[in-house]
Amino acid sequence: MKKIGVIGAGLMGNGIAQTMAMSGKYVILQDITEEALLKARNKIEKSLGRLEKAGHINQERVTNTLSKITTTLEIEQACKESDLIIEAVPENLQLKRTIFEQLDRYAPTHAILATNTSELSVTSIAAVTNRADQVIGMHWFNPAPVMKLIEIVKGIDTSNETVKMIESISEEVGKETVLVKDTQGFVTTRALSAHMLECMRIYEEGVASLEDVDKAIRLGLNYPMGPLQLADYVGLDTMLYASEGLVEAYGDRFRPPQILRKLVEAGHFGVKTGRGFYSYE
Ligand SMILES: CCCCCCCCCCCCCC(=O)CC(=O)SCCNC(=O)CCNC(=O)[C@H](O)C(C)(C)COP(=O)(O)OP(=O)(O)OC[C@H]1O[C@@H](n2cnc3c(N)ncnc32)[C@H](O)[C@@H]1OP(=O)(O)O
Ligand SMILES: NC(=O)C1=CN([C@@H]2O[C@H](COP(=O)(O)OP(=O)(O)OC[C@H]3O[C@@H](n4cnc5c(N)ncnc54)[C@H](O)[C@@H]3O)[C@@H](O)[C@H]2O)C=CC1
């Protein structure tokens with residue numbers, strides 16, 4: 001697999017594009033606005049700069065990586081020569097199904113179509129294509145260039161060959177994998193949601209301040225980030241979208257707390273909008 005199409009250039013799409021390009025893949029990154037593509041390129045440059053400053057890569061690798069990434073507003077363009085297409089648009093089943101219809105139409109017949117969904121049904125997304133055996137969940141973690149895992153989700157019709165190909169390319173780009181069944185929230189989103197939800201409720205009930213809930217989990221349980229800080233980092237909009245599917249599958253235990261709903265209603269999505277649980281302005 002040499003050419004990778006990435007659909008959606010947001011938080012995850014730009015990190016996935018960067019990771020692939022750093023491993024020598026040619027990447028074509030697609031989004032619906034020039035602004036999103038520009039922002040993505042800036043984020044990639046910043047992230048590469050960080051890695052260079054930390055001594056992990058040299059200037060030549062930065063230049064080389066950037067030269068491997070092109071951008072487009074046309075989904076057909078992102079598909080037509082790609083061996084693997086990774087979708088990273090917002091967490092909405094209908095939107096993803098519409099995108100996959102197009103991926104199936106424009107991608108070469110050999111291409112694998114992967115979704116970065118956090119919890120939606122890979123089987124349902126695959127069902128709109130004529131190549132369900134070549135559709136798979138490839139669930140990355142934020143920040144994609146740094147996090148070590150890819151959670152591979154095998155839909156009902158995903159072939160073993162497709163799983164092997166995705167295991168192989170994940171390893172090639174420096175990631176470890178786990179293989180999971182196509183169930184709502186897989187392993188990681190289900191586990192993370194339960195943890196985050198309880199922490200939000202603890203904060204909402206006034207048991208401790210925002211900072212102290214985060215500090216307790218960070219220092220007491222040795223997590224790299226506090227849960228509310230992590231929620232802002234992931235994006236509160238994405239979390240709320242993800243909660244809808246989890247509530248449908250598992251009921252009230254995943255019902256989002258009022259605080260999350262209100263922040264999203266106010267347009268405070270976390271780091272990406274400058275305000276969430278915390279302020280970043
Ligand atoms: C509750 C509501 C209802 C229930 C529903 C909830 C649904 C929840 C659904 C969630 C759905 C979406 C999430 C998902 O699908 C999966 C995820 O991605 S979950 C999030 C996973 N990520 C984490 O948990 C991150 C945790 N944080 C960390 O690991 C670290 O804090 C982090 C690596 C981000 C930063 O490290 P830190 O030590 O804190 O800071 P440094 O600045 O020192 O960085 C360390 C190291 O890493 C390099 N680096 C960091 N970021 C980048 C980057 N973007 N690009 C390049 N490099 C980066 C940095 O340079 C440092 O390198 P050194 O070599 O150590 O210098
Ligand atoms: N935020 C996170 O930490 C993680 C998110 N995910 C999943 O990755 C996917 C994307 O999430 P984020 O990158 O956080 O979202 P985001 O909101 O940062 O980015 C989504 C991007 O998709 C673009 N987009 C919207 N409609 C589109 C269309 N029709 N065609 C092409 N592009 C379109 C948007 O303009 C935006 O740039 C979701 O499924 C999410 O659940 C998975 C792992 C971690």
Side-chain angles (χ1 to χ4, degrees), residues 8-16 31-44 46-47 50 87-96 116-120 139-147 185 188-219 221 223-248 252-281:
L11 207 54
M12 293 309 294
N14 72 62
I16 293 168
D31 207 300
I32 47 177
T33 65
E34 281 294 355
E35 191 194 351
L37 292 174
L38 200 64
K39 211 165 144 193
R41 190 161 271 278
N42 286 339
K43 278 203 71 179
I44 293 170
K46 212 165 141 193
S47 172
R50 233 172 130 171
E87 163 276 313
V89 303
E91 189 73 349
N92 175 301
L93 184 60
Q94 200 42 54
L95 173 62
K96 288 188 192 276
N116 185 45
T117 180
S118 300
E119 45 79 46
L120 295 169
H139 184 205
W140 296 64
F141 294 84
N142 181 25
V146 175
M147 299 295 284
T188 56
T189 302
R190 210 166 140 183
L192 177 67
S193 302
H195 163 71
M196 276 184 163
L197 248 176
E198 207 50 35
C199 292
M200 282 182 202
R201 288 187 183 129
I202 289 171
Y203 166 59
E204 224 176 20
E205 287 167 18
V207 176
S209 68
L210 194 59
E211 290 80 4
D212 278 358
V213 173
D214 275 343
K215 189 174 174 181
I217 303 296
R218 216 167 14 88
L219 301 185
L221 304 183
Y223 280 47
M225 273 180 175
L228 303 166
Q229 186 193 4
L230 181 60
D232 276 356
Y233 190 65
V234 162
L236 303 186
D237 51 341
T238 299
M239 298 210 21
L240 195 61
Y241 297 146
S243 74
E244 284 163 16
L246 291 167
V247 170
E248 206 180 312
D252 265 0
R253 72 181 150 118
F254 283 110
R255 193 165 295 289
Q258 283 296 312
I259 181 81
L260 181 66
R261 283 192 188 285
K262 291 297 159 204
L263 285 168
V264 173
E265 282 168 12
H268 303 317
F269 297 167
V271 177
K272 64 182 162 187
T273 58
R275 187 170 156 197
F277 282 99
Y278 293 91
S279 182
Y280 303 89
E281 277 142 7

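The first residue of the sequence shown is numbered 1, and numbering continues consecutively from there.
- The backbone N or O of Ser118 lies less than 3.5 Å from a partner atom in the side chain of Thr189, making a donor-acceptor pair.
- Rounding to the nearest 0.5 Å gives a distance of 3.5 Å between CZ of Phe141 and OG1 of Thr188.
- One N or O on the side chain of Ser243 and one on the backbone of Leu240 form a donor-acceptor pair closer than 3.5 Å.
- Considering only heavy atoms from C-beta on, His139 comes within 4.5 Å of Asn116 through its side chain.
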side-chain contact (heavy atoms from CB on, under 4.5 Å) between Leu228 and Met200, intermediate numbers included: CA-CA 7 Å; Leu228 303 166; Met200 282 182 202; 3.6 Å; yes
From CA spacing to verdict: side-chain contact (heavy atoms from CB on, under 4.5 Å), Thr117, Glu91: CA-CA 6 Å; Thr117 180; Glu91 189 73 349; 2.8 Å; yes
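- Between the side chain of Asn14 and the main chain of Ile44, no donor-acceptor pair closer than 3.5 Å is present.
- One finds the NZ atom of Lys96 at 9.0 Å from the CG atom of Leu93 (value rounded to the nearest 0.5 Å).
- The environment of CZ in Arg275 is sparse: at most 12 heavy-atom neighbours from other residues, nucleotides or ligands sit within 6.0 Å.
- Once rounded to the nearest 0.5 Å, the distance linking SG of Cys199 with CD of Gln229 reads 12.5 Å.
- Around atom CD of Glu248, no more than 12 heavy atoms belonging to other residues, nucleotides or ligands sit under 6.0 Å away.
- Taking all atoms of both residues into account, the shortest heavy-atom contact from Glu211 to Tyr278 is CA-OH, 3.7 Å.
- Side-chain contact between Phe277 and Leu263: present, with at least one pair of heavy atoms (C-beta onward) separated by less than 4.5 Å.
- Rounding to the nearest 0.5 angstrom, the gap separating the CG atom in Asn92 from the CD atom in Glu244 is 8.0 Å.
- Atom-to-atom distance recorded for Lys262:NZ and Leu236:CG is 14.5 Å, nearest 0.5 angstrom.
- Nearest heavy-atom pair across Gly276 and Asp232 is CA-OD1, 3.4 Å.
- The two atoms that bring Asp31 and Ala9 nearest to each other are OD2-N, 2.7 Å, heavy atoms only.
- Taken to the nearest 0.5 Å, the CG atom of Leu219 stands 10.0 Å off from the CG atom of Asp214.
- A distance-only check finds no donor-acceptor pair linking the side chain of Lys43 to the backbone of Leu11 [under 3.5 Å].
- One finds no salt bridge joining Glu204 and Arg201 here, because no Lys/Arg side-chain nitrogen approaches an Asp/Glu carboxylate oxygen to under 4.0 Å.
- Put simply, the side chain of Lys39 does not reach to within 4.5 Å of the side chain of Asn42, judged on heavy atoms.
- Counting all heavy atoms, side chain and backbone alike, His195 lies closest to Ile217 at CE1-CG2, 3.8 Å.
- Under 4.0 Å is where a charged nitrogen must lie from a carboxylate oxygen, and between Asp237 and Lys272 at least one such pair does.
- No side-chain heavy atom of Leu192 sits under 4.5 Å from any side-chain heavy atom of Pro227.
- Among all heavy-atom pairs drawn from Gly226 and Arg218, the shortest one is N-CD, 3.9 Å.
- Residues Ala231 and Met196 come closest through the heavy atom pair N-CE, 3.6 Å.
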